[in-house]
Protein chains: 2
Amino acid sequence: LKKKKLYEGKTKKNFGTDNEAHLVMEFKDDVIVSDDGKKKSIKGKGEICNELSGYLFQYMESYHIQTHFMRTLSEREMLVKNLDMIPIEIVVRNIAADKLTKQFNVVEGKELECPITEFYLKEKESQDSMINIDHIVSFGHATSDEMYTIQRTASKINAILKDFFRRRRLRLVDVRLEFGRYKGKLLLGDELSPNTCRLWELSTGERYEDEHVLQAARGSAETYQELRDRILKSI
Amino acid sequence: LKKKKLYEGKTKKNFGTDNEAHLVMEFKDDVIVSDDGKKKSIKGKGEICNELSGYLFQYMESYHIQTHFMRTLSEREMLVKNLDMIPIEIVVRNIAADKLTKQFNVVEGKELECPITEFYLKEKESQDSMINIDHIVSFGHATSDEMYTIQRTASKINAILKDFFRRRRLRLVDVRLEFGRYKGKLLLGDELSPNTCRLWELSTGERYEDEHVLQAARGSAETYQELRDRILKSI
């Protein structure tokens with residue numbers, strides 16, 4: 001089934017299959033820690049992200065959000081629809097962190113009155129640049145109708161996820177989403193996992209982000225394993 | 001009439017007046033050339049920008065775009081309404097230059113199919129950062145209704161100016177605008193001149209931008225004087 005590797009990113013590899021319309025997505029354990037660019041590994045994280053993504057994609061489908069997820073193939077692999085990806089990363093922020101604190105001096109952890117949506121052009125060589133819908137349309141990455149749908153869908157996904165995690169006593173600080181075209185429709189692609197959902201503990205503020213998890217006293221594998229158990233516990 | 005200096009920027013100084021609702025805006029000849037940060041002067045440019053801004057603000061008013069302009073006071077000064085400025089610079093682009101070429105590798109001079117609007121947070125210490133309407137509203141700089149009006153008005157101003165300059169065989173590459181509140185209304189503030197309108201010669205591509213004008217063989221004062229004459233010539 002699995003054929004040539006088509007793509008390798010920070011957290012995943014994509015492989016072609018016998019059917020051109022489908023891909024195998026394989027999750028890696030590697031972690032690229034942002035500060036010094038060193039590669040580290042968190043044992044079992046690939047499996048957890050694969051499992052959580054599969055679960056959350058199905059959860060999205062139950063809310064009529066269409067995704068590329070077809071089925072889980074193995075502990076680290078899922079079968080997905082082969083999307084014509086729009087090279088834009090959509091970030092929806094609920095709580096100030098990252099760019100908002102670094103560039104705009106917002107106090108970290110501040111709850112935003114309304115979510116902020118940002119768009120980044122995914123670039124191979126350089127750091128992703130923030131752009132707006134006018135740029136995206138002008139550069140031909142998507143039509144303005146597509147961007148309208150993407151913005152609305154991203155906002156809906158964020159609202160569903162925020163509520164989902166809140167019930168598990170986790171704050172969804174921000175979420176990164178990617179979309180692609182498949183047979184005339186826009187589907188949610190990429191993954192839905194701690195790699196793309198920035199999660200903080202509601203009570204203690206503990207951060208489920210690789211750089212923090214790796215620094216914490218607790219073992220990083222255990223931390224993600226516990227997080228997985230909490231997320232998958234039916235509530 | 002003219003009282004304490006309230007503000008000094010790259011191209012202008014603002015002074016208070018006897019009436020708190022009014023300001024005197026004085027145009028400077030200084031030019032800050034971006035490359036090496038050196039200050040140079042283009043003799044007479046302040047007068048030209050004062051005259052052109054006054055003319056173009058009145059031209060805008062004739063299209064029912066409200067501006068802060070009240071009247072020209074002297075060769076370098078105009079009386080304006082004292083706006084509660086929104087600390088955002090709106091850039092409307094018609095032709096690729098500047099950020100589009102430097103950051104997004106668009107070919108310089110490419111005519112954009114639709115104008116691109118960008119928003120920058122004006123910052124005292126650091127370089128202005130590009131932001132979007134979600135940020136502006138979230139940070140409390142303007143309401144989303146205000147931003148809706150600003151975006152529409154900016155687009156209208158750009159269309160009027162583009163056409164105005166086109167008739168004078170000049171291309172409006174991009175224009176930078178600022179707005180402020182005055183007695184419950186949003187008015188166009190700042191200036192409308194070669195300082196804020198990037199103008200290229202339609203036929204030869206000659207650039208009426210300080211760094212290019214200063215490098216050209218012709219005297220920079222003469223270049224701007226000729227540009228002034230062309231712009232003010234009734235067509």
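Throughout, protein chains are lettered first and strands after them, A, B, ... in sequence-line order, and every chain is numbered starting at 1.
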### Query
Can you name the one residue among B:D134, B:I136, B:I133 that meets side chain to side chain contact (heavy atoms under 4.5 Å, CB included) with A:I116?
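Among B:D134, B:I136, B:I133, the one meeting side chain to side chain contact (heavy atoms under 4.5 Å, CB included) with A:I116 is B:D134.
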### Task
Among B:M130, B:E123, B:E113, single out the residue with the greatest number of heavy-atom pairs under 4.5 Å to chain A.
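Of the candidates given, the most pairs with chain A belong to B:M130.
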#### Entry: Expected output: side-chain A:N132 to main-chain B:N132 donor-acceptor under 3.5 Å
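It does not hold such a pair.
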#### Entry: Toward chain A: residues of residues 83-106 of chain B with heavy atoms under 4.5 Å
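Within residues 83-106 of chain B, the residues under 4.5 Å from chain A are B:L100, B:Q103, B:F104, B:V106.
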### Query
Top residue by heavy-atom pair count (under 4.5 Å) with chain B, among A:L112, A:V137, A:I131?
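Among the listed options, the one with the most contacts to chain B is A:I131.
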Could you tabulate the donor-acceptor pairs under 3.5 Å formed by side-chain atoms of residues 159-168 of chain A, not counting sequence neighbours?
unit_1	atom_1	unit_2	atom_2	d
A:D163	OD2	A:R167	NH1	2.7
A:R167	NH2	A:Y59	OH	3.0
A:R168	NE	A:I231	O	2.8
A:R168	NH1	A:F164	O	2.9
A:R168	NH2	A:K233	O	3.4

### Task
Could you look at A:E118 and say if it's the side chain, the backbone, both or neither that has a heavy atom under 4.5 Å from chain B?
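Both backbone and side chain.
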